[in-house]
Protein chains: 2
Amino acid sequence: MANRFIDKLEAFGPLSAQAVAALAKATSRPRKMPAKHDLIREGDRPGPVFVMLEGWAYRYKVLPSGTRQVLAYLMPGDCCDLHIGLLAEMDHSIQTITPSLVAMVGRPEMDTLLDEHRGIAKAMYTAQLVDEGIMRAWITSMGRRASIERVAHLMCELYLRARNIGLADGETFALPLSQLLLADSLGMTPVHLNRVLKELRVAGAMTLARGSLIIADPGKLIQIAGFDANYLHRRLRQAA
Amino acid sequence: MANRFIDKLEAFGPLSAQAVAALAKATSRPRKMPAKHDLIREGDRPGPVFVMLEGWAYRYKVLPSGTRQVLAYLMPGDCCDLHIGLLAEMDHSIQTITPSLVAMVGRPEMDTLLDEHRGIAKAMYTAQLVDEGIMRAWITSMGRRASIERVAHLMCELYLRARNIGLADGETFALPLSQLLLADSLGMTPVHLNRVLKELRVAGAMTLARGSLIIADPGKLIQIAGFDANYLHRRLRQAA
DNA sequence: CGGAATGTTGAGCGTCCTCAAGTTGGGTGG
DNA sequence: CCACCCAACTTGAGGACGCTCAACATTCCG
C-alpha cells in the first residue's frame, strides 16, 4: 500500500490511516515514463501535480543561447509544486532522467487531500519548504563557492537525500547523473567538471563512475564542501 | 484600510470585503524597524510570518569564510514563507535594507486567514510560486549568464517588480541597494560589479547612482539581459 | 565637520572557458 | 556473440573573464 511518496511524507510527521489510504488512492495509477522524457515544458499550461514514485527527474530551463541550467533534482518520493495549477504557464521544464513511475494528481484531488487531512497538508508544506531551502543552498553555491566546493556540496546533498529515502546505506549509492547534467547543474562546463571530479578522486574524497558515487572519505568531502546539513531540515519542529 | 500587502494580494485575485478586513486586522500593528536590522537569523526558531508593509529587506546566508550570498529581495507588500513555522530552525537570515514597517502575523492567525478565506490562500500560494520562480531565475542567472547579463537581468526584474507595486512609473525608480549588496546577490566582487555598471552606463543602457536606477534604453537592457518576464507570472490563470 | 561607508580605478593573476582530439563504455542489430 | 555506433568521458593547450590587492575619491550621516 505504501509507496515512496507516502514514506517521504510520513518522515515529516505522522499520518492517519485514512490519510495514507487517501494518498495511496491518489497515486494508485502511475504511468511508466521512459528516460529523458519531458513531463512538462516551459510555457505549458500546468496540469496535474507530478509525483515521482520511482526514478529520477530534474527541473531545468533552456536559455535562448541553447545552454541549459538544471534547477533541481526530483528523487523517488519527490513531487512538484502543490499549487502549480494556480499559474498560467510553467516557467521551467521537468524531464525524467531514468525510466520512471510517475503518478499524476489532479488539482481538485490535490485540494481535497490538503483540505481533508491536516497531516498531509503539513507534510507537503514542509516538503516544499525543504525544497526551497535546497534552492537557496544552490544559489549560495553558485554565487559563493569555487567549483570544487560546489561539486562536493552537491554530492553531499544528493547523498544525504538518497540516504534519507533509503537509496543509500553505505558510502556507495547509485547516482544516475551524467557529467553533462551535473555540469549544467553547477554552472560549469563538462570539461571542467571532469577535471574537478578527477581532483576529488585523486584527493581520495570520492569517486563517481558508472552511475555510482563512492564516498571514499566523508569527512574530507564535507570539509571541502563546507557542508552543513541544516538546510535539509531533518530535525523538524516538535508538536504543532 | 488597505496596505501594500493587501494591494499585492488583490493583484493576484479578487478578495472579499471580509478577507480584506481580516488581512487589515492581521497587519494592523506593524513595527518600525531601522535599516540593517536582522528580523531573524539563520539557526533561529521561526516565529511569526514577516510582512513588509514599507521598506526593503533581503534574505541572505553567510558562509564560514565570511562571504555573504543574497538569496532574495523583499519589497513592500512581500512576505516570507507562510508555513515557515513548520521548520525547527531558519536556514537563512532576513535583514532590513531601509527603515521599514514590518507586520508580524502569528502562526495561528495565519492559519486562520488561510483556512477561512479561500481567496487569501490562493493569492498567497500564488505569491509563493512567483517567489520560487524568481529563485529559479536567479539560479539560472548565476549558472549560465555572464556578469553583465546577470546585472542587466536583475535590474529588469527589480524594475518590473517595483512597477507592479507602483514604486516606479517612468524609467526611473528608487533602488536602495548598495553595490556591495548587489555584488553579493550576483556572485560577483564589488569591484567587478562596479566595472560592469560602468559598462552598462557607457553603453547607454542604464545608470545606477545615488539610490536611483535610470533605465536609459529599456530595449537595450532587455536585450543584454536576455530577459523574459514570464517567470514573474503577471498573467495568471483565469477562473479557478 | 569629521569619520565611516560606499564607490572608483589600476595592475597583475588565477580559475574556468573554449576548442580540439581522442578514448571508453553501453546498447543494438546483424 | 561480435561488430559497430553513439553517447559519455578524458586530456591537452591557450585564452578570457572575473578575482585580488591596493590606493584613492566621494557621499552620507551623525
Side-chain angles (χ1 to χ4, degrees), chain A residues 34-37 58 63 65-70 95 97-99 141-152 154 174-203 206-214 224, chain B residues 34-37 58 63 65-70 95-99 141-154 174-203 206-214 224:
Chain A
K36 302 196 182 187
H37 178 264
Y58 69 109
L63 298 193
S65 63
T67 61
R68 174 179 63 170
Q69 176 63 47
V70 173
Q95 183 173 95
I97 294 168
T98 63
S141 266
M142 309 269 284
R144 288 293 179 233
R145 274 190 257 261
S147 62
I148 193 170
E149 299 167 351
R150 284 211 293 283
V151 174
L154 180 59
L175 191 66
L177 309 180
S178 69
Q179 292 186 8
L180 185 58
L181 205 54
L182 287 171
D184 282 346
S185 310
L186 296 164
M188 303 164 55
T189 57
V191 171
H192 192 58
L193 175 74
N194 182 278
R195 292 192 231 267
V196 170
L197 287 176
K198 183 177 181 181
E199 201 177 334
L200 285 167
R201 190 180 339 119
V202 169
M206 51 160 270
T207 301
L208 180 61
R210 281 183 230 146
S212 283
L213 178 66
I214 303 165
I224 292 173
Chain B
K36 303 198 181 187
H37 178 264
Y58 69 110
L63 298 191
S65 63
T67 62
R68 173 178 64 169
Q69 176 63 46
V70 173
Q95 183 173 96
T96 57
I97 295 168
T98 62
S141 266
M142 310 269 284
R144 288 293 178 232
R145 273 190 258 261
S147 62
I148 193 171
E149 299 167 349
R150 284 212 291 284
V151 174
H153 199 275
L154 180 59
L175 191 67
L177 309 180
S178 69
Q179 292 186 7
L180 185 57
L181 204 54
L182 287 171
D184 283 344
S185 311
L186 295 164
M188 302 164 55
T189 57
V191 171
H192 191 59
L193 175 74
N194 182 279
R195 292 194 231 266
V196 169
L197 287 176
K198 182 177 181 180
E199 201 177 337
L200 286 167
R201 191 180 338 118
V202 169
M206 51 159 271
T207 301
L208 179 60
R210 279 183 229 148
S212 283
L213 178 67
I214 303 165
I224 292 172

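Only heavy atoms go into these numbers, but all of them, side chains included; no hydrogens, no water, no symmetry mates. Below, chains carry the letters A, B, ... as their sequence lines are ordered, and counting in each starts from 1.
Not counting sequence neighbours, Arg145(A) has no partner by the salt bridge (Lys or Arg N to Asp or Glu O under 4.0 Å) test. Residues meeting the salt bridge (Lys or Arg N to Asp or Glu O under 4.0 Å) test with Arg195(A), sequence neighbours left out: none. For Pro190(B), the side-chain contact (heavy atoms from CB on, under 4.5 Å) partners two or more places apart in sequence, or in a different chain, are Leu180(B), Ala183(B). In this structure Ser147(A) satisfies the side-chain hydrogen bond (donor to acceptor under 3.5 Å, both in side chains) test together with His192(A), sequence neighbours excluded. Residues forming a side-chain hydrogen bond (donor to acceptor under 3.5 Å, both in side chains) with Gln95(B) (at least two apart in sequence, or on another chain): Asp38(B), Tyr58(B). Under the side-chain hydrogen bond (donor to acceptor under 3.5 Å, both in side chains) criterion, Thr189(B) pairs with no residue, sequence neighbours left out.
Atoms CG (Leu181(B)) and P (dT6(C)) sit 9 Å apart, rounded to a whole Å.
You'll find the side chain of Leu177(A) reaches within 4.5 Å of the side chain of Ile97(A), heavy atoms only.
For the pair Val196(B) and Ile148(B), the tightest heavy-atom approach, listed with the atom from each and the gap, is CG1-CA, 3.7 Å. Scanning both residues, Asp184(B) and Arg144(A), for their nearest heavy atoms gives OD1-NH2, 2.7 Å.
From one end of the helix from dC1(C)-dG30(D) to dG30(C)-dC1(D) to the other, with five pairs defining each end axis, the axis direction shifts by 60° (rounded to 10°).
Rounding to the nearest 0.5 Å gives a distance of 11.5 Å between CZ of Arg210(B) and CG of Leu208(B).
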Under a 4.0 Å heavy-atom criterion, the protein footprint on nucleotides 8-18 of chain C, written with B, S and -, is BBBB----BSB
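The outermost nucleotides of DNA chain D lying under 4.0 Å from heavy atoms of chain A, listed 5' to 3', are dA8(D) to dA13(D).
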